[in-house]
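Have a look at the structure below, then the notes.
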Amino acid sequence: MTHLSASKLTFAPKWDDMSDDERTAEQVAAVEIVTKCGGSIKAQHLLMTDGCLLSITEYPDETAALKSALAIARRGAFVLQTQTAIPLDVAMSWQDEIQEVAGK
């Protein structure tokens with residue numbers, strides 16, 4: 001079973017002091033880290049009002065997703081807010097069980 005991860009990427013203060021070549025190298029390194037952790041970027045969207053990049057990435061499991069996010073953040077150029085992404089149809093399929101567990 002695979003794990004979908006949704007990440008909001010913003011820039012760390014270090015980004016402002018980097019040259020264009022250094023910024024490009026950080027972007028390449030982030031994609032390489034995703035690949036090294038067994039991930040595949042499924043979609044990326046710029047969220048204009050939030051000033052961030054939203055990425056949907058598929059990993060073999062949650063541990064791989066977390067390791068990837070930690071490795072990217074460790075490099076210091078990007079700040080990631082990462083969480084599990086659940087397809088809407090899957091979440092909707094849980095409704096009967098949730099209702100039973102909640103007693104409502």
Side-chain angles (χ1 to χ4, degrees):
M1 181 167 199
T2 61
H3 174 82
L4 287 178
S5 176
S7 299
K8 279 178 64 174
L9 179 147
T10 56
F11 301 103
K14 176 181 178 178
W15 184 262
D16 294 334
D17 297 329
M18 299 173 80
S19 69
D20 287 344
D21 288 342
E22 290 170 326
R23 289 176 176 181
T24 299
E26 286 302 319
Q27 293 167 345
V28 169
V31 172
E32 288 176 349
I33 289 169
V34 168
T35 302
K36 284 179 185 176
C37 290
S40 171
I41 298 170
K42 297 300 180 185
Q44 290 188 309
H45 301 278
L46 181 60
L47 302 180
M48 298 296 286
T49 57
D50 288 350
C52 69
L53 179 69
L54 174 69
S55 297
I56 304 295
T57 308
E58 184 176 55
Y59 290 95
D61 54 40
E62 187 175 17
T63 300
L66 293 172
K67 286 179 180 178
S68 177
L70 290 169
I72 291 168
R74 184 179 181 93
R75 294 183 58 86
F78 304 121
V79 176
L80 293 175
Q81 293 178 330
T82 303
Q83 57 185 303
T84 299
I86 302 168
L88 183 58
D89 61 332
V90 172
M92 296 303 292
S93 73
W94 298 345
Q95 293 309 304
D96 290 341
E97 182 180 353
I98 290 169
Q99 184 177 6
E100 183 179 324
V101 170
K104 292 187 171 197

Using the rule that Ile, Leu, Val, Met, Phe, Trp and Tyr join whenever any side-chain heavy atoms are under 4.5 Å apart, tell me whether [X] and [Y] fall into a single cluster.
X: W15; Y: L53; result: yes
X: I86; Y: I98; result: yes
X: L54; Y: Y59; result: no
X: L9; Y: L70; result: no
X: F78; Y: I56; result: no

- Message: Within the supplied structure, the quantity of interest is the number of heavy atoms (other residues, nucleotides, ligands) at a distance under 6.0 Å from Q95 CD; does it exceed 12?
- Response: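 Enclosed: over 12 neighbouring heavy atoms sit under 6.0 Å from CD of Q95.
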
- Verify the neighbour count for atom CG of D20: are there more than 12 heavy atoms of other residues, nucleotides or ligands below 6.0 Å?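 No.
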
Rounded to the nearest 0.5 Å, what's the gap from [atom1] on [X] to [atom2] on [Y]? Could you check?
X: D50; Y: H45; atom1: CG; atom2: NE2; value: 14.0 Å
X: K42; Y: L4; atom1: NZ; atom2: CG; value: 8.5 Å
X: I72; Y: Q27; atom1: CD1; atom2: CD; value: 11.5 Å
X: E58; Y: S5; atom1: CD; atom2: OG; value: 11.0 Å
X: L80; Y: S68; atom1: CG; atom2: OG; value: 8.0 Å
X: K14; Y: E22; atom1: NZ; atom2: CD; value: 8.0 Å

- Residues that T57 engages under side-chain hydrogen bond (donor to acceptor under 3.5 Å, both in side chains), provided they are two or more places apart: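 Once residues adjacent in sequence are excluded, T57 has no partner under the side-chain hydrogen bond (donor to acceptor under 3.5 Å, both in side chains) criterion.
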
Nearest heavy atoms of [X] and [Y], plus distance in Å:
X: S40; Y: V34; result: N-CG1, 4.0 Å
X: D61; Y: H3; result: C-CB, 3.5 Å
X: R75; Y: I33; result: CD-CD1, 3.7 Å

